[in-house]
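The next block holds one structure in the form of structure tokens; read it before the comments.
Nothing fancy with the numbering, it's 1 onward along the sequence. Start at 1 and go down the list; that is how both ligands and their atoms are numbered. Scope of the values below: all heavy atoms of this structure, side chains included, with no hydrogens, waters or symmetry mates.
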Amino acid sequence: MNQFQYVRPTKQKAAIEAVTKDQNTLFIAGGTNLIDLMKRGVMNPEKLVDINKLPLKKIEKENNSLRIGALALNSQVAEDKLVLEKQPLLAQALNAGASAQLRNMATVGGNMMQRTRCYYFYDTALPCNKREPGSGCGALEGFNRMHAIFGFSDKCIAVHPSDMSVALTALDATVLVSGPKGERRIPFTEFHRLPGDRPEIDTNLERGELILAVDIPDGPFTKNVHYLKVRERASYAFALVSVAAALSLENNTIKDARLAMGGVAHKPWRLTEAEKALVGKPATEATFKQVAEIAMRGAKAFEHNAYKLKLGPNSIVQALKTAAGIA
Ligand SMILES: Cc1cc2nc3c(=O)[nH]c(=O)nc-3n(C[C@H](O)[C@H](O)[C@H](O)COP(=O)(O)OP(=O)(O)OC[C@H]3O[C@@H](n4cnc5c(N)ncnc54)[C@H](O)[C@@H]3O)c2cc1C
Ligand code: SF4
């Protein structure tokens with residue numbers, strides 16, 4: 001491991017200033033992703049700004065939303081009474097991630113910022129445009145079993161690994177950030193980016209911006225929700241495909257719906273056309289099959305991930321059936 005400096009400010013302003021002014025300086029929260037990447041030489045910051053002394057851990061009711069601090073632990077959020085009552089889809093997604101030990105360390109801000117699990121990204125002996133821009137994409141012609149079927153580019157076909165972020169995308173959350181230019185809000189659907197020509201950039205955060213909290217608007221999705229994660233082991237494994245499904249039902253008619261997928265793109269993949277197609281329809285398997293077809297339009301597989309073209313729609317149907325209580 002390379003040598004690095006470490007500071008632990010107690011003021012938000014000092015933390016932001018430290019990351020803004022020193023090149024190659026990063027925030028660190030739970031450390032469950034960043035330390036791994038540093039040990040493997042994938043990321044080599046010269047300075048770490050530990051944010052754990054900042055007061056960003058609270059989960060509280062706002063006027064018409066729920067605010068979750070960036071330092072709230074994944075386990076704390078998943079077990080929180082308000083979250084379980086108002087946003088059970090988020091709790092389900094969090095519980096599907098990692099392991100109990102990791103959820104006890106991992107924070108909300110760190111979870112959103114975790115980097116792809118593409119094997120080529122983690123192996124410094126192999127080419128990877130995300131790790132080393134211009135070196136090529138090993139996965140494009142290589143072993144691409146875990147990779148994207150939507151929104152990829154010829155520079156990168158990686159997927160975003162966070163389960164929590166799939167639920168937050170579906171639930172229309174916004175991210176509150178503070179940086180050298182002040183505070184701003186970023187809709188969750190615009191927080192992560194597609195790879196395009198710059199796969200080394202994962203999000204639309206600017207240099208020095210610190211995630212303060214995530215706000216989730218109150219909505220009708222308190223009962224008929226389901227986060228389905230298909231993976232190779234029951235724990236400690238990332239999604240091959242996941243689906244966050246939320247329905248608002250009245251006499252079995254769908255009044256409103258939210259749908260997003262994980263494991264299929266460089267960012268959590270919101271399915272707005274499919275959501276529109278659900279509204280006004282009966283909550284039946286036939287409806288869900290039609291909608292799954294709409295959701296998969298434009299999907300394209302590589303040599304080793306064609307199974308996702310079938311697993312994707314099947315998972316959407318299964319998640320919607322479970323959310324509707326007809327599974
Ligand atoms: C074995 C294993 C299995 C896993 N399985 C899953 C899984 O199935 N599903 C899943 O979703 N995740 C999984 N994870 C990932 C885990 O959820 C993340 O490592 C964790 O959420 C990262 O949070 P952290 O607080 O530890 O982040 P850190 O490692 O501290 O930081 C990660 C990144 O976020 C940045 N950062 C942190 N906080 C902020 C902030 N407030 N503002 C701006 N930037 C910030 C840091 O600079 C860093 O770049 C797994 C991890 C491991 C090791
Ligand atoms: S898919 Fe992206 S992360 Fe993986 S090797 Fe290609 S450029 Fe790197």
Practice item. Have a look at ligand 2 and work out which part of R131, if any, has a heavy atom under 4.0 Å from it: side chain, backbone, both or neither. Key: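 The answer is neither; R131 stays 4.0 Å or more away.
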
Review point. Applying a 4.0 Å heavy-atom criterion (strictly less than), which segment of C118 is in contact with ligand 2: side chain, backbone, both, or neither?
Key: side chain

Residue, atom name and distance, where the atom is the protein heavy atom closest to [atom]:
| atom | answer |
| --- | --- |
| atom 9 (N) of ligand 1 | D163 OD2, 2.7 Å |
| atom 52 (C) of ligand 1 | L102 CD1, 3.4 Å |
| atom 24 (P) of ligand 1 | G30 N, 3.6 Å |
| atom 18 (C) of ligand 1 | T32 OG1, 3.5 Å |

Check your understanding: Can you find an N or O of R117 that's nearer than 3.5 Å to an N or O of ligand 1?
Key -> no

Review point. N/O to N/O below 3.5 Å, does that happen between G31 and ligand 1?
Key: yes

Practice item. Could you tell me which atoms of ligand 2, counted from 1 in the order shown, lie closer than 4.0 angstrom to a heavy atom of K155? Key: 7 (S)

Point to revise | Ligand-side contact atoms (ligand 2) for residue partner G138, heavy atom cut-off under 4.0 Å | key: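 The list of qualifying atoms is 5 (S).
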
Practice item. Run the salt-bridge test on E206 and K181 with the 4.0 Å N-O cut-off and return the result as yes or no. Key: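 Yes.
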
Check your understanding: Which distance, rounded to the nearest 0.5 Å, do you find between the CD of Q87 and the OG of S65?
Key ->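 Between Q87 CD and S65 OG, I get 9.5 Å after rounding to 0.5 Å.
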
Practice item. Would you please test D202 and K267 for salt bridge (charged side-chain N to carboxylate O under 4.0 Å, His left out) and show each step? Key: CA-CA 8 Å; D202 293 341; K267 60 188 280 186; over 6 Å; no

Review point. For P199, is the nearest heavy atom under 4.0 Å from an atom of ligand 2?
Key: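 No, P199 has no heavy atoms under 4.0 Å from ligand 2.
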
Practice item. Consider ligand 1: state whether an atom of it lies below 4.0 angstrom from any non-hydrogen atom of S99. Key: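 In this structure, S99 fails to qualify as a contact of ligand 1 - no heavy atom is under 4.0 Å.
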
**Study point:** Within-shell test, R103 vs ligand 1, heavy atom, strictly < 4.0 Å
**Key:** no

**Study point:** Centroid-centroid under 6.0 Å between F302 and H147 rings
**Key:** no

